[in-house]
Amino acid sequence: MGQLTSNISSCFQPEAKTITILGGGSPGKTTILYKLVADGPDDIIPTVGFNRESLLFENQWLHFWDIGGGSKMPQLWPHHVREADGVIYVIDCSDEEYFEYGLSELVQLIDRTSDMELIPFLIFANKQDKPDLIASSRINDKLLEVKCRYQWHLQPCSATTGQGLSEGIKIFNRNDQPKPVKIFRNLLTFKALLMS
Ligand SMILES: Nc1nc2c(ncn2[C@@H]2O[C@H](COP(=O)(O)OP(=O)(O)OP(=O)(O)O)[C@@H](O)[C@H]2O)c(=O)[nH]1
Ligand SMILES: [Mg+2]
């Protein structure tokens, strides 16, 4: 009976979410990931391929896919967005050249995913611990200019200190209304459990 009760309650819990982490020009994706899941470490090297880590955050599992950089990778980003329940896009706000590069790749990503379902979209304006920062409001201005469809959330942060990281990923738990298809699937599972 205890097993049945726990199976039934698991049918109605929010499902784990898959979050893809993108951003060109080494803006700090992996540093953010490991600050979130392990409070470090410091010896992070450029990512070849991807890193996959999970975090139980406010009672919900978030499965992160950190996609390594490289000039060819942005073409593959739409594929990763299609597979995800949410996106983290990281921009380096400490360097004008990297900032512009990251922003232009973001605009292209928005364009390339114009036919896709809208999912929560978090933008981390990273490296806020460094001097001579670029105003992150320039990201908002650009997204308004290109009429971005996503309801993005812009969060200044520092992967080094951890400032802003938890505040940012809260958006993946917010308004967590199950989609109709998920409710239907849960009801089918519930019925199967009752009949077993
Ligand atoms: N000062 C400072 N440095 C940072 C911050 N985040 C990342 N870095 C540094 O930026 C460099 C690149 O960080 P990574 O996490 O490897 O960047 P990435 O986006 O994963 O890069 P790829 O794997 O090459 O795509 C490293 O030297 C980090 O230590 C930050 O918030 N502040
Ligand atoms: Mg990396």
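Side chains are part of it too, since the values below use all heavy atoms of this structure and drop only hydrogens, waters and symmetry mates. First listed ligand is number 1; within each ligand, the first listed atom is number 1. Just so we're clear, the structure is a prediction, and the values are computed from it rather than from any experiment.
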* Asked: Is it true that E100 and R138 have a side-chain N and a carboxylate O under 4.0 angstrom from each other?
  -> yes

* Please say whether T47 places an N or O atom under 3.5 Å from an N or O atom belonging to ligand 1. => yes

* Structure fact -> When every non-hydrogen atom of K127 is compared with those of S26, the smallest separation belongs to NZ-O, 3.6 Å

* Asked: Would H63 and T18 count as having a side-chain donor-acceptor pair, cut-off 3.5 Å?
  -> no

* To do: Please work out whether any backbone atom (N, CA, C, O) or any side-chain heavy atom from C-beta onward of T31 is under 4.0 Å from ligand 1, and answer side chain, backbone, both or neither.
  => both

* Structure fact -> In this structure, atom 6 (N) of ligand 1 is nearest to the protein heavy atom N126 ND2, 3.1 Å

* Looking only at protein heavy atoms, which one is nearest to atom 16 (O) of ligand 1, and how far off is it? -> I44 CG2, 3.6 Å

* Is P27 in contact with ligand 1, taking contact as a heavy-atom separation below 4.0 Å? -> yes

* Are there protein heavy-atom neighbours of atom 28 (C) of ligand 1 below 4.0 Å? -> yes

* Which residue supplies the protein heavy atom nearest to atom 10 (O) of ligand 1, what is that atom called, and how far is it? -> K127 NZ, 3.1 Å

* Keeping the roles fixed (side chain from K29, backbone from V90), state whether a donor-acceptor pair exists under 3.5 Å. => no

* Asked: Close to the Mg ion (ligand 2), meaning under 2.8 Å, how many protein N, O or S atoms are there?
  -> 2

* Classify the contact between T160 and ligand 1 as side chain, backbone, both or neither, using a heavy-atom distance cut-off of under 4.0 Å. => both

* May I ask you to test the I169-L55 pair for a side-chain heavy-atom distance under 4.5 Å? => yes

* Asked: Given T20, which of E83, R82, H80 fulfils the side-chain contact (heavy atoms from CB on, under 4.5 Å) condition?
  -> H80

* Find out if a path of hydrophobic residues (ILVMFWY) with successive side-chain heavy-atom gaps under 4.5 Å connects L22 to M73. => yes

* Taking distance alone, with no angle check, do D129 and ligand 1 share an N/O pair under 3.5 Å? -> yes

* Protein residue, atom and distance nearest to atom 31 (O) of ligand 1, heavy-atom basis -> A159 N, 2.8 Å

* So which of G28, S158, G25 gets nearest to atom 17 (O) of ligand 1, if we judge by its closest heavy atom? -> G28

* To do: Closest by any non-hydrogen atom to atom 12 (C) of ligand 1: pick that one out of S26, P46, G68, G23.
  => S26

* Please work out which of the three classes, parallel, tilted or perpendicular, describes the rings of Y89 and W77, given edges at 30° and 60°. => perpendicular

* Single-linkage hydrophobic cluster L106~I67, side-chain heavy atoms < 4.5 angstrom -> yes

* Can I110 be reached from W152 by stepping across I, L, V, M, F, W or Y side chains whose heavy atoms are under 4.5 Å apart? -> yes

* To do: Check each atom of ligand 1 against the heavy atoms of K130 and keep those under 4.0 Å away; list them by number with element.
  => 1 (N)

* Identify whether W65 and V48 are in the same connected component of the hydrophobic contact network (ILVMFWY, side-chain heavy atoms under 4.5 Å). => no

* Counting only N and O atoms by type, is there a donor-acceptor contact under 3.5 Å from the side chain of K17 to the main-chain atoms of F172? -> yes

* When P120 is tested against each of I19, I171, N173 for side-chain contact (heavy atoms from CB on, under 4.5 Å), which residue passes? -> I171

* Would a search of protein heavy atoms around atom 19 (O) of ligand 1 find one under 4.0 Å away? -> yes

